[in-house]
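In what follows, every chain begins at residue 1, and chains take the letters A, B, ... in the order their sequences are listed.
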Amino acid sequence: MELTKLSIKSMREKLVSREITSAELLASFSERKDEYFAYVTQTSDLAVESAQVADLRIAAGENAPLLGIPGAVKDNICTDGIKTTCASKMLADFIPPYDADVVQRLKQSGYVLTGKTNMDEFAMGSSSQTSVFGGVKNPYDVTRVPGGSSGGSAAVVAARLAPFALGSDTGGSIRQPASFCGVTGIKPTYGRVSRYGLVAFASSLDQIGVFTKTAADSAEVLNVISGYDKRDATSANVPTPDFTSYLNRDVRGLRIALPDEYFGDTVGDDVRTAVLNAAKYFEESGATLVPCSMKVFDYAVSAYYLLACAEAASNLSRFDGVKYGLRGEGATYEQRIVDSRNKGFGAEVKRRILLGNYALSSGYYDAYYRKAQALRQEIIKEYNDVFTKADIILTPTAPEPAFKIGSSENDPIKMFLADICTVMANIAYLPGINTTCGYTDDGLPIGMSLIGKRFDEGGIIGAADFFERNFRRKDIP
Amino acid sequence: MDNKTFEHLCVLSKLSFDDESAETTRRQLDGIIALMDKVKAIDLTYDDTLDKNEVPFASLRADKAEEPFSPERLLSNTQPKNDCYVIPKMMNVE
């Protein structure tokens, strides 16, 4: 029995029935080598201890949702006593004195932490190549990027180093790497999952979510990490449904919108064909396809980067080398701060801080930042209009499949445009899920995104689960 | 972007660059700002009253500190030296 290929539900059933132990389950994942630089820190000793404790708890009759199940956490999510580096020199030695809310919830549910995953520095990037520890490789083709910024988490799940991994998504940083690595990745509605303990990049856009092999597995993990948290002022005090109750349904009567703008010249032929084939499959299965238009699509990337960089410039001003983080040198206080930031931040982070301050500075604020806020309102309005006619929206996740390492990462504009299909959901606070809908001739995964109404994660999980039950995925070579 | 604006942004951002990297960064920023200029073309005005209805998180809970960490935990990332914590020199004493 290949334990790493089991669903999370099957793992739990086998653990509870004592057919397998958590220690055996952990060993089956640990035996697989991380050849992709997917981890920044592997917590092997702690994992063995946690698995032994889980086995004792199971023997005592406990049955928590993830008791004894291994999982990884992106390295921008705080873990008490375990380094949380954001893949940056600035935080290379930072050990948080507390757990993020999601980590507390995972601990309460009995998970076994396998390690902290590699990423783009401070989650700024779409390739996972800006990590100060070295770039992540795509398990489907190690000459290609895994996407970003949560590329390590996507690679961990694709390479079956763990059955699930947490990531964060500010403009597509879960869905795009999930697409490149052929796994399922869900970004919940803003507010569904607490951001307490997530190192902030752009606070009105950041959201923690989940990578798994399937939508069914993502429902299991999302059940655990969702819920109101008073420590996050933007946490939504809404009921958390049982997301697994949306599984094993059909799609008869489901109205699926296909916005024209997502299927134009912006996306490659392979991607367009695969996503439209998926749409056709939904239609043949009883769903109704609803053509529509989202005119703000062309402005979304510009608005997104204005908002995200402005918030990043503000959030990252806390890194001054005084309380924590790399400390530079200099004769004066000012010089020390500048030296700390010069040495601690990489080129991409510096560029975004500069851009953010440009958009916020006197003389440019109205022309850029206020205009981006106006566009945000317009994007929300267009989504509201589409959702009067449809239940979910189907789009490509990325314009192209995974690109070659070294081919695009040094072109900031090209990298920004790679997020064109994902940023609008963040801007409008909406949930989105990526699942694989095809492969290129070279065997690279192609992903599609299902976007739902606010707090309708169940709807998109259900639709993705329906598709996955009828689509044959290819494992890594 | 002219040099003066770039230098002003560096001051605001608390960053500095040597001549070569300043020129590269300035050129890259020019390209990105050209992309961002796209927003100027659309005729929209931000309506701050709208956010009260559209943004579900517009009314935030009171910002009250609760369950504070102990000083030991808060200082766990500082650099201890002979039972003291080393903080950067803040002022030059003449």
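The most heavy-atom pairs under 4.5 Å with chain B, out of A/Phe345, A/Tyr305, A/Tyr368, A/Phe416, come from A/Tyr368. For the set A/Leu306, A/Ile337, A/Ile353, the entry with the most heavy-atom pairs within less than 4.5 Å of chain B is A/Leu306. Contact count versus chain B (heavy atoms, under 4.5 Å) is highest, among A/Asp366, A/Asn357, A/Asn237, for A/Asn357. Between chain B and the options A/Val296, A/Asp298, A/Asp411, A/Asp93, heavy-atom pairs under 4.5 Å are most frequent for A/Asp298. Chain B forms more heavy-atom pairs under 4.5 Å with one residue of A/Lys230, A/Glu329, A/Glu378, A/Glu334 than with any other, namely A/Lys230.
A/Asp80 touches chain B through its side chain: at least one heavy atom from C-beta onward sits under 4.5 Å away, while N, CA, C and O do not. With a 4.5 angstrom heavy-atom cutoff, A/Ser317 does not touch chain B via any of its atoms. Neither the backbone nor the side chain of A/Ala313 comes within contact range of chain B, judged by heavy atoms closer than 4.5 Å. For A/Leu417, the part sitting under 4.5 Å from any heavy atom of chain B is the side chain, from C-beta outward, and nothing else.
With hydrogens and angles disregarded, a donor-acceptor distance shorter than 3.5 Å links the side chain of A/Lys371 to the backbone of B/Ile42. Proximity of a side-chain donor or acceptor of B/Gln28 to a complementary backbone N or O of A/Arg351 within less than 3.5 Å is not detected.
In this structure, the separation between CD1 on A/Ile413 and CE on B/Met36 is 9.5 Å, given to the nearest 0.5 Å. Taken from CG in A/Leu354 to CG in B/Leu29, the straight-line distance is 5.5 Å, to the nearest 0.5 Å. Taking OG from B/Ser13 and NZ from A/Lys350, the interatomic distance works out to 11.0 Å, rounded to the nearest 0.5 Å. Atom OG1 of B/Thr5 sits about 4.5 Å away from atom OH of A/Tyr364, to the nearest 0.5 Å. A distance of 6.0 Å separates CG in A/Leu355 from CD1 in B/Ile33, rounded to the nearest 0.5 Å.
Scanning both residues, A/Ser361 and B/Leu12, for their nearest heavy atoms gives CB-CD1, 4.1 Å. What you find for A/Ala374 and B/Tyr46 is that their closest heavy atoms are CB-N, 3.4 Å. For the pair A/Ser302 and B/Lys38, the tightest heavy-atom approach, listed with the atom from each and the gap, is OG-CB, 3.6 Å.
Contact residues of residues 16-27 of chain B toward chain A are B/Ser16, B/Phe17, B/Thr25 (heavy-atom distance under 4.5 Å).
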Verdict with reasoning, B/Leu15 to A/Val338, per side chain to side chain contact (heavy atoms under 4.5 Å, CB included): CA-CA 5 Å; B/Leu15 292 169; A/Val338 172; 5.7 Å; no
